[in-house]
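First the proteins, then the strands, lettered A, B, ... as listed; each starts at 1.
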Amino acid sequence: MIKQILYKAGILAGIILILSLVMKFTLPFYWGDSTQTVKFEHYKKNSEQYNAVYMGGSLEYRHIDPSIIDSTLQKNGIDFRSYNIAVDGHTFVEQMTDLDEMLKIRNPNLKYVFISISSEPYFFPANLHTSKWVCWHNATSTYRALSIIPTLEDDLKTRLKFCYFYVMSWVENILKIGFMPEVMQFIFQKDTYETGYLGNKKDGFYPYDYEEHRMFMEYQWEDTLIRQSKREYESNAVKRDSLTSEVRKSFEQYTDKDKANAAMVKLCMEAYNKCKKMGIRVFFVLPPRARTNYSLLLPVFHAMPDDAKIEVADPRKYPKYYAVDYGYNFHHLNYRGAKLQSHEMARQLLPLLQPAETSAP
Amino acid sequence: MLFNSLHFFLFFPVFCYLYFAVPRRFQHMVLAAGGYYFYGSFSPYFTIILLTITCNDFIAGKMMDATDKISQKKRWLFLSMAVNLGILFTFKYIDFVDNNIRDLLGLLHIGWFVPEPWFNTWVVPVGVSFLTFQSLSYTIDVYKGVTKAEQRFSYFAAFTAFWPVMVNGPIERARNLLPQLHKEHSFDYSNLQQGLFRMGWGLFKKVVIADRLAFYVNDMYAHYNEVSGWTTWLGAFFFLLQVYCDFSGYSDLALGGAKVLGIDVMENFRRPFFSKNLADFWTRWHISLSTWLTDYVFFYLGAYKAKSAKVVFNVIFVLAICGLWHGANWPMVISFTMVGCAMAIRYLWQNNVVRAIRPSNTYKLFDKYFPDWAHSVVTILIFLFCFLLFRVYSAQMALNAAHPENPVSWTAIATPLYGNLFKLHTANYLTEWLLHKGTIQLGILVFFIVVLFVVEALTGDRKIEQVVLAKNRNFRWSIYIVLLACIVWFGVFNNTTFVYFQY
């Protein structure tokens, strides 16, 4: 009897799996998130306008102003036209999937890609089962996550839990659990998505203080949360100072001998080499105010090639990035801060790009 | 552990395997152990409450059985009621009472001697209202001699910890459940088929319809100041439908789960949207609670045998109790009291007017040309009017959590909702509201609502699983695949939307 039940359950599950796979291979790829869809669709349509792309999460989306970097570099005779494709909430592993998908978009002009070293593969578990979280998972991303998480220094329970979350999210992706309405919306109505996500200059940069005055987020309460986070940041000086002192401590304690997480370095270098083969130069950015501990990020960052590093995180060198006047909330800069960081990135890029530009035929 | 969680998806087959693998005489112990595991998965502390209720009512039942003296029986019944209602009051109502006393004394400028409401942080144990009412029905039945007292603790523990109905009903009666627990249950393939299909149908109603409706209902209440006329009516309809699909879906999961174990649990919903009047509605909606209140409160008060004025009071009082059972807040109580008032008006109308005019030709003509569906529509409209208030308290909580700097009272939400309800020439915010998730999402929702009503109309008062399983194999398998595919692809499995942890 048990065999019969298992047999019938297997047939039913098999049929659903086959139908899901048919859908996977027939329906267009969908990000499960209107912000990312709008940003990628814009890039797809206008890719040849740009020769540089910033990948990452909100620390890039809300901090890097392409127009500032472009104009600074262009003034110095460098052909630099950049686009910010970063999206809120994207972790280290997700960023690599973003990169894979971005590189699939044909752009013969693409010369520079910026990868953020600002997070580990952990994520907020409340996001499990949301289409935004589930949609991007595939065999490669799951393998990447599972290769990094066991090497992190957290307790076994946490590591096992997140390994399980990644595998489960992949399974949900395979079966397309709860996807269909949004996929249908993407197929039939993607042109109706809110393009405000692209920012005022349509270059993908949109600081929180702009967003605060224009409520269009997919979920209205996110706007509320944004404001709430600002209020909390402005009123809680103790937390502000303790976060900054933690970052400072990580920088002060860092030495060249600190061992980098091999799995994260490997993943970065794979991305680096993949881009290099395509004639694209990669820069790794260490942004300020990351939630992830800098004692994990710093060794990984310093393991990258010297001519591919842009560091804008050290509170000793850049105290303003941690000052209340330049912050929007605990982990983000406001527009003033974003302008500062963008200028600094341009300043650091200039010497890195100039020799290459001048030696070019 | 919710029925629509992965935890349950793993728990259920393991539990069924153990239940049928152990010697039959131990099955009830597996049921009790499973119940404690199920309830403890919400919080291990909750099992202490469950054990307290079980021990208390088991002892009370045994002691009542052991004596013939009414006074002693009464004493034990009183103890049982005091403990059950005491638990319910302590966890669910004490904060409500404290707040009301505080507000009332505040109006009179009198200080309240309880300095800090320290109990307002207590977590209400999941399903405590169901647990206590189910267990109470046992002791009342034993007192009345309707049920014999259970002599073995393990069976009684299996009754109170019967996990399919534990946290969300139906509120099962001892006289139906206990005899079934005493029987030995062999694995039955037909039960499995029926049970699983019923569970699938319940899951479909919950995750495909109810949870999708939640997006629209939440948004309507969040814009309580903007909506008017038809928008509010449609929002109220969506809310009633959401509650129905959510609650009846959960009941279907409970009934299906119990059926797999070979146990028949009472039906809790019977196509309420096809009710012909308000009294009929209560025979179709949350049947286990309405029969509980009828048996243990309404009949105790004298039911319809009393004078008209007393009956009117009884009806309104029972419905007010029903509201209080649903939630410790005024909007809920008032909402149900309004239903009670409507039922009382109907009672008076039937008793005084209809009885007088029934023989007339005018009434016969009216009866002839006022079809059943029109009766159903009027009934539902009255319910919508009352149920609009049902959701106001949770809307207030949500709004105040989102905007702590600008708290609103429930009356501030209810006033514009009701104030603009009858502006029937308007439908403010209708398009924005219906399309806020896109036309595709709305189309999918409407499609599945139509599917629900068509299925309910076609199945009539028969059980859906029996209707489907009576069909040929190809039809059955097509239904299985379509149902499963709809749940998997169109279900909402996370009511919360993406949270950006960087904040």
Side-chain angles (χ1 to χ4, degrees), chain A residues 1-2 4-5 8 11-13 15-16 19-20 23 32-33 57-59 62 88-89 119 122-124 126-133 168 172 175-189 192 218-222 224-226 228-229 231-232 289-291 329-332, chain B residues 5-6 13 16-17 20-21 186-189 192-193 196 200 207-208 211-212 215 218-219 222-223 398-399 401-405 435-445 447-448 477-478 480-503:
Chain A
M1 183 59 86
I2 289 179
Q4 196 193 350
I5 294 165
K8 287 188 177 175
I11 288 179
L12 205 53
I15 291 170
I16 295 295
L19 290 173
S20 300
M23 278 180 13
D33 173 43
S58 60
L59 294 178
R62 312 295 182 167
D88 288 346
S119 60
Y122 293 146
F123 60 97
F124 196 50
N127 291 332
L128 275 172
H129 318 301
T130 56
S131 53
K132 176 175 161 64
W133 177 252
M168 195 174 70
E172 285 180 20
L175 291 173
K176 304 281 167 229
I177 293 178
F179 271 29
M180 197 49 83
E182 279 165 324
V183 172
M184 285 168 73
Q185 196 161 352
F186 171 69
I187 294 169
F188 297 113
Q189 292 186 314
T192 63
E218 192 173 358
Y219 314 114
Q220 291 275 317
W221 52 265
E222 281 174 12
T224 314
L225 288 186
I226 290 170
Q228 201 173 309
S229 70
R231 276 197 302 273
E232 203 185 327
R289 294 186 180 237
R291 183 175 281 264
N329 55 24
F330 291 115
H331 294 285
H332 296 97
Chain B
S5 66
L6 185 67
C16 289
Y17 178 77
F20 290 114
S186 308
F187 177 76
D188 185 300
Y189 187 69
L192 179 81
Q193 273 185 309
L196 288 184
V207 300
V208 179
D211 291 349
R212 194 167 299 287
F215 299 138
N218 294 347
D219 193 71
H223 293 87
L399 284 166
H403 304 279
E405 75 286 358
L435 298 181
H436 84 286
K437 298 293 274 183
T439 45
I440 298 285
Q441 295 269 5
L442 180 68
I444 290 167
L445 175 67
F447 173 75
F448 283 120
W477 273 83
S478 309
Y480 296 159
I481 292 165
V482 170
L483 185 65
L484 193 58
C486 286
I487 292 168
V488 169
W489 295 336
F490 291 95
V492 177
F493 291 94
N494 190 341
N495 248 335
T496 56
T497 40
F498 201 88
V499 180
Y500 294 102
F501 59 87
Q502 283 91 339
Y503 293 142

Sorted by chain and number, sequence neighbours left out, ring pair (Phe, Tyr, Trp, His ring centres under 6.0 Å) with B:Tyr480 holds for B:Trp477
> Under the ring pair (Phe, Tyr, Trp, His ring centres under 6.0 Å) test, which residues partner A:Phe179, sequence neighbours left out?
Replying inline: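 Scan of A:Phe179 (ring pair (Phe, Tyr, Trp, His ring centres under 6.0 Å), adjacent residues dropped) gives none.
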Worksheet item: Can any side-chain N or O of B:Trp489 pair as donor or acceptor with the backbone N or O of A:Pro181 at less than 3.5 Å?
Response: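 No; zero donor-acceptor contacts below 3.5 Å.
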* **Backbone of A:Asn329 reached by a side-chain donor or acceptor of A:Arg289 within 3.5 Å** =>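 Yes.
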field: Interface moiety of A:Gln185 toward chain B, non-hydrogen atoms closer than 4.5 Å
entry: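 Both the backbone and the side chain of A:Gln185 come within 4.5 Å of chain B.
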Okay, A:Ile16 and chain B: the region with an atom under 4.5 Å from a heavy atom over there is both
Taking every non-hydrogen pair under 4.5 Å, which of [options] racks up the most with chain A?
options	result
B:Thr439, B:Leu192, B:Leu445	B:Thr439
B:Val208, B:Ile444, B:Ile440, B:Val207	B:Ile440
B:Phe187, B:Tyr17, B:Phe490	B:Phe490

Relative to chain A, which segment of [X] carries a heavy atom at a distance below 4.5 Å: side chain, backbone, both, or neither?
X	result
B:Leu6	side chain
B:Ile487	neither
B:Leu484	both

Intermediate values then yes/no, side chain to side chain contact (heavy atoms under 4.5 Å, CB included), A:Leu128 and A:Phe123: CA-CA 9 Å; A:Leu128 275 172; A:Phe123 60 97; 3.9 Å; yes
Rounded to the nearest 0.5 angstrom, the CG-NZ distance for A:Asp88 and A:Lys132 is 7.0 Å
